[in-house]
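Beneath this line is the structure, given in C-alpha cells, with notes to follow.
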Protein chains: 2
Amino acid sequence: MSSTARGARARARTEITAAIKDEARRQLADEGAARLSLRAVARELGMVSSALYRYFPSRDDLLTALIIDAYDSLGETAEAAHAAAADAGAVRRWSAVCEAVRTWALGHPHEYALIYGSPVPGYVAPKTTVPAASRVGLVLIGILRDAHQGPGLAVPPLAPELRPEADRMTADLAPDLPPETVAALVAAWAQLYGLIGFELFGQFKGVVEDRDPFFRHAVDRLAHGVGLGDPR
Amino acid sequence: MSSTARGARARARTEITAAIKDEARRQLADEGAARLSLRAVARELGMVSSALYRYFPSRDDLLTALIIDAYDSLGETAEAAHAAAADAGAVRRWSAVCEAVRTWALGHPHEYALIYGSPVPGYVAPKTTVPAASRVGLVLIGILRDAHQGPGLAVPPLAPELRPEADRMTADLAPDLPPETVAALVAAWAQLYGLIGFELFGQFKGVVEDRDPFFRHAVDRLAHGVGLGDPR
DNA sequence: TCGAAGCAAGAGCACTGCTCTCGTTTCTGG
DNA sequence: CCAGAAACGAGAGCAGTGCTCTTGCTTCGA
C-alpha cells in the first residue's frame with residue numbers, strides 16, 4: 001500500500017504523530033528529557049492530554065520514538081560525513097565521521113543525552129532501537145574494512161585473555177577483519193563517546209578550554225590505536 | 001569547635017541530614033535519580049514533606065549533596081586502590097585504579113549515572129563539586145608523575161595545533177609533566193569513562209559479552225597511550 | 001447502510017515539588 | 001534566669017504531572 005493517499009484518517013494520524021514528535025523534540029531541546037511533559041506537548045498542540053494517548057501509549061513510548069529518531073539523525077549525519085570524505089584516506093574519513101558525531105552532539109545536546117546519557121528510570125531500550133543505534137558503528141567498521149582491503153591497516157596488539165571474546169565479536173561484527181582490529185575498534189568506539197560526553201556534560205569545564213584541537217588530536221590518536229594512519 | 005558535643009539540636013540536625021541522604025541514596029539505588037521523590041523520602045523517615053525542606057531547600061540541593069558524596073566515594077575508592085597497589089609498577093597501578101573505578105560504577109550504577117551521566121534538567125553543578133570530582137584525576141596524575149620521575153614514561157606525540165592548549169592544561173594540572181603527557185592523560189581520562197559508561201548504560205549489550213578481559217585490555221592500551229608500560 | 005473502530009474531550013485519581021502558616025521547642029544574649 | 005530569636009514539625013494548599021475512564025462524535029469498511 002502506498003504511503004500517500006490512504007484514508008484521510010490514516011493520513012491525519014501520521015501527521016499528528018509527527019506533530020507530537022516535533023513538539024516533543026522542541027521541548028526536549030529546551031528543557032531536557034526529564035522536563036518533557038505530555039500535558040505541555042498536548043497543550044501546545046491545542047489538544048487535551050488524554051487525546052495524546054491515542055498516539056503514544058505512554059510517556060516512555062514517546063521517548064522511545066524520539067530516541068530512535070535521534071539515533072537515525074546521528075547515524076545519517078555520520079554516513080553523510082563519510083560519504084562527503086569518500087575520496088580521502090582512511091584517517092581523514094575516520095576523523096570526518098568522529099567530528100561529525102561530535103558536531104551533531106554539540107548541536108543536539110539533549111537528544112545526545114537521551115541516547116548516550118544515563119538511561120531513564122526503569123526504562124530499557126526495546127530491540128527496535130538496535131538498527132538505528134548501529135549506524136555510526138557500521139560506518140566506522142566500513143572505514144576499517146576499506147583500509148584492510150587496501151594496504152593501510154596495521155594490526156594492533158591483543159591480550160591473549162581477550163582472544164576468545166575478540167573472535168566472538170569479530171564473527172558478529174566483521175568476520176573479514178582481524179580480531180585485534182575489531183577489539184580495538186569497539187574500544188575506540190566507546191572511547192569516542194567518552195570524549196564527547198565529557199565535553200557535553202561539562203566535565204571538561206575548567207580543564208580543557210580549546211576543545212576543537214583537543215578533540216581532533218584525540219580522534220587522530222584513536223585512529224592510530226585501531227591501526228589506521230601512516231606508520232611513523 | 002568540636003564536631004561532637006554541640007547542642008542537642010545541632011547534633012540532631014546532622015543526624016537527620018544524614019538519615020535523609022541515606023534514605024535518598026537508597027531510593028536512588030532502587031529507582032534512579034528521576035524517580036527520587038522528596039515526599040517518599042520524608043514518608044519513609046516518618047516525617048512530613050515540608051519538614052524536609054528545613055534540611056534541603058530543594059530537590060536539586062539534595063541531589064547535589066548526593067553528587068558530592070558519590071564523587072567522594074568514588075574518589076576514595078580510587079585512592080584506596082592506588083594505595084593498595086603502591087608497590088607495583090606504574091601500569092599495574094594504572095590498571096588497578098581504572099578497574100576500581102569500573103567496579104565502583106558497576107556496584108553503584110545510579111550514583112555513577114548521577115555524576116557521569118546526563119546532567120539533570122536545568123541543573124548546573126555548583127563549584128562545590130569540583131574538589132570531590134577531581135580526586136580520580138589526581139590519582140591518575142600522581143601515577144604519571146611517579147613514572148616521570150623514574151625512568152618509565154614515554155612521551156606520546158602531540159599535534160602542533162594542540163601545543164598551546166596542552167601547555168595551558170599542563171600549567172593548570174601538572175606543571176612538572178610534559179605537555180604531551182598531560183594532553184594524552186586528559187584524553188585517556190575521558191575515554192576511560194566512555195568505556196565504563198557504555199558498559200553501564202547498555203551500549204555493549206549484544207556487542208561485548210565477556211567484559212572483564214575487554215576492559216582490562218582496553219585499560220592496558222590506554223596506559224600505553226599515555227606513555228606507560230614496557231616499550232615493546 | 002450500519003456496526004465497529006478511531007478519536008477528542010473532560011473529569012478524576014494519585015502523585016509530585018514547593019510554599020505558607022501556625023504552634024512548639026530549643027538556643028542564646030543581656 | 002529569662003525573654004526574644006531562631007529552628008523546627010505538622011498541616012493545608014497550589015499548580016503541576018502521568019495516566020485512566022467514560023461519553024459522545026466521526027470516519028471507516030463490510
Side-chain angles (χ1 to χ4, degrees), chain A residues 1-21 23-24 26-28 30-67 114 119-123, chain B residues 1-21 23-24 26-28 30-67 114 119-123:
Chain A
M1 60 190 73
S2 154
S3 75
T4 62
R6 298 163 348 275
R9 177 163 256 170
R11 189 160 51 247
R13 183 175 182 85
T14 69
E15 259 173 37
I16 295 182
T17 304
I20 292 172
K21 286 205 290 186
E23 176 57 31
R26 252 209 55 247
Q27 293 196 14
L28 189 70
D30 281 4
E31 304 269 22
R35 300 229 169 136
L36 194 163
S37 149
L38 282 189
R39 293 181 109 111
V41 170
R43 206 180 304 131
E44 208 68 24
L45 261 48
M47 51 169 107
V48 86
S49 76
S50 60
L52 212 147
Y53 284 82
R54 299 267 169 203
Y55 299 89
F56 296 93
S58 81
R59 200 189 103 112
D60 275 9
D61 290 270
L62 214 197
L63 279 177
T64 301
L66 294 182
I67 286 174
L114 197 60
V120 299
Y123 176 84
Chain B
M1 57 191 77
S2 155
S3 75
T4 63
R6 300 168 340 279
R9 178 163 253 170
R11 191 160 51 247
R13 183 175 181 84
T14 69
E15 258 173 39
I16 295 183
T17 304
I20 292 173
K21 286 206 288 186
E23 177 57 31
R26 254 210 54 246
Q27 293 196 15
L28 190 70
D30 281 3
E31 304 268 23
R35 299 230 170 135
L36 194 164
S37 148
L38 282 191
R39 292 181 109 111
V41 170
R43 205 179 304 131
E44 208 69 23
L45 262 49
M47 50 169 107
V48 87
S49 76
S50 59
L52 212 146
Y53 284 81
R54 301 268 174 204
Y55 301 88
F56 295 93
S58 81
R59 200 188 105 116
D60 275 9
D61 290 270
L62 214 197
L63 278 178
T64 300
L66 294 182
I67 287 175
L114 197 60
V120 300
Y123 176 84

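Here is how names work: the chains are called A, B, and so on, in the same order as the sequence lines, proteins then strands, and each is numbered from 1.
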From CG of A:Leu38 across to P of C:dC15 the rounded distance in Å is 19 Å

Rounded to the nearest 0.5 angstrom, the OG1-CZ distance for B:Thr64 and B:Arg59 is 10.5 Å

What pairs of nitrogen or oxygen atoms, one from the protein and one from nucleotides 28-30 of chain C, lie under 3.5 Å apart?
none

Judged by nearest nucleotide, the residue sitting upstream toward the 5' end of DNA chain D, A:Pro57 or B:Ala51, is B:Ala51

Exercise. Identify whether any heavy atom of B:Phe56 sits under 4.0 Å from a base atom; if not, whether one sits that close to sugar-phosphate; answer base, sugar-phosphate or nothing.
Key: nothing

Practice prompt. Report yes if at least one side-chain N or O of A:Arg13 is closer than 4.0 Å to OP1 or OP2 of C:dC7; otherwise report no.
Written response: yes

Assert: residue with more 5' nearest nucleotide on DNA chain C, out of B:Ser37 and A:Ile16, is A:Ile16

Between CZ of B:Arg35 and P of C:dG17 the distance, given in whole Å, is 13 Å

Do the side-chain N or O atoms of A:Tyr55 get closer than 4.0 angstrom to the phosphate oxygens (OP1, OP2) of C:dA8? yes

Separation of C:dG10 atom P from A:Leu52 atom CG, nearest Å, is 15 Å

Outermost contacting nts on DNA chain D, any atom under 4.0 Å from chain B heavy atoms, listed 5' then 3', are D:dA6 to D:dG13

Nearest heavy-atom approach of B:Ala24 to B:Val41 is CA-CG2, 4.0 Å

d(B:Leu28 CG, B:Arg26 CZ) to nearest 0.5 Å is 11.0 Å

Expected list for residues 43-50 of chain A near DNA chain C, using heavy atoms below 4.0 Å, is A:Met47, A:Val48, A:Ser50

Whole-Å distance, A:Arg54 CZ to C:dG6 P, equals 9 Å

For A:Lys21 and A:Ala65 the tightest heavy-atom approach is CD-CB, 3.8 Å

Compute whether any side-chain donor of one residue and acceptor of the other, for B:Asp61 and B:Ser58, lie under 3.5 angstrom apart. yes

Those residues at least two apart in sequence (or on a different chain) that pass side chain to side chain donor-acceptor pair (under 3.5 Å) with B:Gln27 are B:Glu23

Per side chain to side chain contact (heavy atoms under 4.5 Å, CB included), A:Leu36 is matched among A:Leu62, A:Asp30, A:Leu114 by A:Leu62

Donor-acceptor pairs under 3.5 angstrom involving side-chain atoms of residues 42-57 of chain B: please list them, not counting sequence neighbours.
none

From CZ of B:Arg39 across to C1' of C:dG17 the rounded distance in Å is 7 Å

